[in-house]
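I am attaching a structure below and will ask some questions about it afterwards.
In what follows, chains are A, B, ... by sequence order, proteins preceding strands, each numbered from 1.
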Amino acid sequence: MTLHLIIRTPHSSGIFADLLDAFADGDYLLLIEDGCYAALPGAAGLDDAVVAGRIGVLREDAESRGLLARVAPSIEIVDMDGFVALTERFPKSLSWF
Amino acid sequence: MTDTTQSASSSEALLIVLRHPPHGSSWLREGIDVALVAAAFGREVELLFQGDGVFALLEGQAAGALDQKGTHPQLKMLEMYDIERLWVSQRDLDRRGLTVDDLMLPVTTLDPDGVAALHAARPLSLIF
Amino acid sequence: MLSYALLVHAAPYSTQGALSALRFAEAAIARGHRVETVFFYHDGVHNASTLMAPPQDEVHLGERWKRLGETAQTALLVCVAAGLRRGIVDGTEATRHDLAQYSVEPPFELTGIGQLVDAVLTHDRLITFPP
């Protein structure tokens, strides 16, 4: 028999919901670090028409996680230079956590 | 709901987005600290409570078991710092079974389009 | 060429955030930009600890930040309020608070939250690296 303890709110995994609420026309979503797992085809949370065609995954982080060959075809693969280029194109960035 | 997010006078305001609940981590306190310092420097500051950040406003909070101050005393100082624009995501209240009547301060609620419009209308923002 | 400020909330070694910030800084500089400021806040202040001693076959984050500060003239600013709470103090603060040791040396510099606000207002870009 186990006593399970939980220290997070029931909504603490709602980060994609909050992000999608804030996602406006012309915005772009770059998946980095563990966010890369959202690039798997059929991953929960992002199969929303809102981000279609405006989403990329950071090559280095996808590669280190064994995801590179598995990235959904609709998602662009962006390297570090491309990451910096995105910050040139978009004056503002928000990091969701 | 209201659509004052396009107000030209606020386009240079600093938007602080608060997404974490009180007590469990220091995110909320550290975010509010930035808001208060920016306001003390004379910058117009607005707060957006999104996700679990709406719990920051829940009426009836108290100090923690080891007398941790919590963040509700900080929130009560906002008016003194002229931080009067408090935006709250209505959908995030709904998702948590709350209404504005559960909140300690007067706020303006935004629907999801309003949340997106506010983010888009503020070039300067920090998220905590 | 753009001026960048990086806001680092991530502690060293616990999560990838500090590494992400460092490689972003190097990539931005490689594209001809200036990374003028790195502001360490929340658990990110631990990046400034002069007492870190990682295994030799791992990246030494403290040394890498220091090198960035020296080669790119990047200001390495550490929030004093977040630092004091976490034992991240320089000699001046150690004396002021009657502490036997200090843990921060130049080029890291303890500073107030006002410097973060200033960075938001004066740099072309602010990129946040969370835990």
Side-chain angles (χ1 to χ4, degrees), chain B residues 9-48 50-53 56 64 66-71 73-74 77-78 81-83 118-128, chain C residues 2-12 14-18 20-21 24 36-48 75 77-89 93 109-131:
Chain B
S9 66
S10 294
S11 63
E12 288 305 303
L14 176 63
L15 178 69
I16 305 279
V17 184
L18 300 168
R19 283 194 63 260
H20 288 83
H23 286 296
S25 68
S26 60
W27 291 119
L28 184 60
R29 191 194 64 232
E30 290 175 325
I32 299 170
D33 279 347
V34 173
L36 296 179
V37 168
F41 278 27
R43 171 71 28 178
E44 186 185 350
V45 176
E46 302 171 76
L47 304 183
L48 168 62
Q50 229 192 312
D52 280 338
L66 296 179
D67 271 342
Q68 312 97 292
K69 279 179 281 189
T71 44
Q74 274 179 304
M77 289 162 57
L78 292 176
Y81 282 78
D82 294 324
I83 301 175
L118 180 65
H119 276 284
R122 298 292 178 269
L124 303 175
S125 65
L126 285 170
I127 189 162
F128 288 94
Chain C
L2 299 170
S3 67
Y4 282 78
L6 309 187
L7 172 57
V8 178
H9 293 314
S14 308
T15 59
Q16 198 187 329
S20 290
F24 183 90
E36 287 187 357
T37 304
V38 179
F39 191 93
F40 298 95
Y41 198 36
H42 193 79
D43 288 343
V45 297
H46 290 291
N47 285 275
L77 307 181
V78 182
C79 175
V80 64
L84 280 172
R85 286 186 173 101
R86 293 167 171 86
I88 299 298
V89 293
E93 290 297 325
E109 187 186 337
L110 291 186
T111 183
I113 291 171
Q115 290 284 98
L116 171 60
V117 174
D118 193 55
V120 175
L121 301 178
T122 58
H123 294 57
D124 296 320
R125 299 289 185 272
L126 176 94
I127 317 289
T128 299
F129 293 90

Ring centres under 6.0 Å, that's the criterion: do C:H42 and B:F128 meet it?
no
Heavy-atom cut-off 4.5 Å, strictly under: side chain, backbone, both or neither for B:L36 against chain C?
neither
Assess the residue pair B:L126 and C:L126 against the criterion (side-chain contact (heavy atoms from CB on, under 4.5 Å)); give the C-alpha distance rounded to whole Å, side-chain angles, the decisive distance to 0.1 Å, and a yes or no.
CA-CA 9 Å; B:L126 285 170; C:L126 176 94; 3.1 Å; yes
Can you see which heavy atom on C:P131 is nearest to which on B:W27, and at what distance?
CG-CZ2, 3.4 Å
Rounded distance (nearest 0.5 Å) linking atom CG of B:D33 with atom OH of C:Y41:
4.5 Å
Heavy-atom cut-off 4.5 Å, strictly under: side chain, backbone, both or neither for C:I113 against chain B?
both
So, taking the atom named CZ in B:R29 and the one named CZ in C:R85, what distance separates them when rounded to the nearest 0.5 Å?
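It is 3.5 Å, given to the nearest 0.5 Å.
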Nearest 0.5 angstrom please: B:I127 CD1 to C:T128 OG1, how far?
8.5 Å
